[in-house]
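Heads up: the structure comes next, in structure tokens.
Numbering starts at 1 and runs along the sequence shown. None of the values given here were measured: they were computed from a predicted structure.
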Amino acid sequence: MTLPRVITRPGRRVRCAGLSSPLPGASASSVLHTPEPLGGARLSECRRPRVYVDERERGSGVPEALAELGAAVIYTMAGVGDYIVSDRVAIERKTMHDLAESLFDGRLFDQARRLTEYYEIPVLLIEGDLTRLEEYTSRGQQIRLALAALALDYGIRILWSLNQRETARIIYNLACREQYGSRRSVVVHRKPRLDKLWMQQLYVVQSLPGVGPKLAERLLEKFGSIEAICRASIVELERVLGYERAQRVYRVLHTPYRSPGKPDT
């Protein structure tokens, strides 16, 4: 059974396939909490579903909440998606701030494209209150239109949560539905095959914080090589990236690596 496409706004009445009546003020998690049988199994039968979590989600609070719910959390360098719950479902998690930032630096649609290339059911899980969107950006209408494009043009399922714990509950329920309801295995689809040198260069630069395809191309055109980007000063980076993003990129490039298990000296 295919998961229903659901786009909800807090405080709105929504109707979802499989529900007999609208739910006043329903959030995505309340829709997913329904004990409807799926593939002969119920959510109550779910025991320790596996969730593959991208390393970049460490410290977000969501993996810890998943573990408290009983999920087996397995960290990996996913490459595509933040949380993988089956061979067909991958979830990209974004806070309201990251949603706004990723749209305007070009990452959002690139991430959507890669999700749809590798997973049959791509999910964008947005964490925060949509009614407060204008507190994060003055271009709220552009974000709403972008979300409509993701749903209509890319087939992205868009879900909402209010905080990390609700995010974890949604991911946990999706994992249960996939692994116990539909009997799906968990498969992490790795990064795409990059045959051309320029594609590899763009891929490396896009891994920098806040850098999407457009900014990666601008950096390489400005500096000429990845080595030159690494040698650039904060002032030089700022001319392309802006002050805050340049600070973050410079810190990643120049801070000595410290293993997570290594004590401070």
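In summary, the side chains of E178 and S86 do present a donor paired with an acceptor at a separation below 3.5 Å, with no hydrogens or angles considered. Counted by atom type alone, T167 and E127 present one or more donor-acceptor pairs between their side chains at under 3.5 Å.
Y83 is listed as a side-chain neighbour of L66, based on a closest heavy-atom distance under 4.5 Å. Side-chain atoms of T76 and E55, non-hydrogen and from C-beta on, never get closer than 4.5 Å to each other.
With E57 contributing its side chain and V53 its backbone, the two residues share no donor-acceptor pair below 3.5 Å. In this structure, R157 contributes its side chain and G155 its backbone to a donor-acceptor pair below 3.5 Å.
Ion pairing of E68 with R165 is present here, as a side-chain N (NZ or NE/NH1/NH2) and a carboxylate O approach within less than 4.0 Å. With salt bridges taken as basic N to acidic carboxylate O contacts below 4.0 Å, none links R231 and E236. R248 and E101 are joined by a salt bridge, as a carboxylate oxygen and a charged side-chain nitrogen come within less than 4.0 angstrom of each other.
The CD1 atom of I74 sits 4.0 Å away from the OH atom of Y52 when rounded to the nearest 0.5 Å. The distance from the CZ atom of R169 to the OH atom of Y172 is 7.0 Å, given to the nearest 0.5 Å. The structure places CZ of R107 at 10.0 Å from CZ of R114, a figure rounded to the nearest 0.5 Å.
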